[in-house]
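Numbers here are sequence positions counted from 1.
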Amino acid sequence: MSEDTTQDSAGFETRARIDTTKPHSARFWNYFVGGKDHYEVDREIGDQIKGIFPGLVDVAHTSRRFLGRAVTHLALEQGIRQFLDVGTGLPTADNTHQVAQRVAPDARIVYVDNDPIVLTHAHALLTSTPEGRTDYLDADLHDPESVLRAAAETLDLSRPVALIILNTLGHVADYEQARELVSRLMAGLAPGSYLVISDSTATSEGMIAASNAYNSSGAVPYYVREVEEIAGFFDGLELVEPGVVQVPEWRPEAGTPGEDDGKAVDAYGGVARKP
């Protein structure tokens, strides 16, 4: 194993071991969205997948813009001031706290991931307006109750929270287990909270081939799902219009440069309210 040993500048007392011999989902995605935090092994599989299915680059970019629109909607139109972002990934432009605090400077954001490389970059997620607050938890999606207990040190869970899980649930191989994890997280949040999910979908042969190639690379597997399965994560909640749709179709901002009006992508997402 090749490793980097890092004392991160956020003050976390941790020794991060980063394997640079195998592709890594956070670094791979960072490469696709134009970031700088990746290694040659990530670029190699990224370029291989671009050759198989160039549309995955569109999935990466449109999913990121979906996050921005969803967070803006919740902060601006629904008055949400608390965000719990699970499966954070590596920081890029327009992270959840940056989007939310542009609209609501007093917003509080907690990021959650259990990945060494994300932990070493967590200081970039901990900037905040003076009125608001951000925090980072080194915690695991597979232990929702521990995530909620730790998040409660920053967030008031008796008030509405927006739970954000983007491009993460595909790493949970068993669909029913993935649904259960989402349900357990939402069970700990107050009525009036929201769930934001997007994931890649098995809606084209190209995406399925790209997923198979990625899963054969030695990286932690990511399983693309059917659209109906993505919709199933929102069972029991009140979907916000337009429901579960391809991510560019979720409340597109007409005339905004960089938007992908009419572009079909193999990623679906939605936003829903807990009654």
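Shown here for G269 and W250, the closest heavy-atom pair between the two residues is O-CD1, 4.4 Å. Nearest heavy atoms, V59 versus S200: CG1-OG, 3.7 Å. Taking both residues in full, the closest heavy atoms of V147 and L137 are given as O-CD1, 3.9 Å, listed atom of the first, atom of the second, then distance. Heavy-atom minimum distance, V265 versus D58: CG1-CB, 4.0 Å. The two atoms that bring T168 and I165 nearest to each other are CB-CG2, 3.9 Å, heavy atoms only. Closest approach of L155 and F83 over heavy atoms only: CD1-O, 4.0 Å.
Annotation: E176, atom CD; neighbour count of heavy atoms from other residues, nucleotides and ligands within 6.0 Å is above 12. Heavy-atom neighbours of R43 CZ from other residues, nucleotides or ligands within 6.0 Å: above the threshold of 12.
Here D115 does not pair with R27 in a salt bridge; the nearest charged N to carboxylate O distance is not below 4.0 Å. Using a 4.0 Å cut-off between charged side-chain N and carboxylate O, R64 and D94 make no salt bridge. For the pair R149 and E145, the salt-bridge criterion is not met [side-chain N within less than 4.0 Å of a carboxylate O].
Shown here are the side-chain contact (heavy atoms from CB on, under 4.5 Å) partners of V220, two or more places apart in sequence or in another chain: H171. Remark: T154 engages R108, V110, R133, D135 in a side-chain contact (heavy atoms from CB on, under 4.5 Å) (not counting sequence neighbours). Partners of E229 under the side-chain hydrogen bond (donor to acceptor under 3.5 Å, both in side chains) rule, at least two apart in sequence or in another chain, do not exist in this structure.
The distance between the ring centers of F233 and Y175 falls below 6.0 angstrom.
Here the side chain of D106 pairs no donor or acceptor atom with the backbone of E131 at under 3.5 angstrom. Proximity of a side-chain donor or acceptor of Q82 to a complementary backbone N or O of D156 within less than 3.5 Å is detected.
Note on V103: it does not cluster hydrophobically with I109, by side-chain heavy-atom contacts below 4.5 Å among ILVMFWY residues. L239 and I230 fall within a single hydrophobic cluster, where Ile, Leu, Val, Met, Phe, Trp and Tyr side chains are chained together by heavy-atom contacts under 4.5 Å.
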Subject >> Working for side chain to side chain contact (heavy atoms under 4.5 Å, CB included), residues Q246 and T203 >> reply: CA-CA 10 Å; Q246 290 183 347; T203 42; 5.8 Å; no
Original post:
Going through the checks in order, is the side chain to side chain contact (heavy atoms under 4.5 Å, CB included) test met by I208 and F53?
Top reply: CA-CA 9 Å; I208 294 169; F53 181 55; over 6 Å; no
Subject >> Stepwise side chain to side chain contact (heavy atoms under 4.5 Å, CB included) check, Y111 with H97 >> reply: CA-CA 9 Å; Y111 293 102; H97 72 284; 2.6 Å; yes
**OP:** Could you check N114 against H142 for side chain to side chain contact (heavy atoms under 4.5 Å, CB included), going step by step and ending with a plain yes or no?
**Re:** CA-CA 10 Å; N114 69 333; H142 290 84; over 6 Å; no
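Residue D199 is tested with Y223, Y222, Y268 for a side-chain hydrogen bond (donor to acceptor under 3.5 Å, both in side chains); the sole match is Y222.
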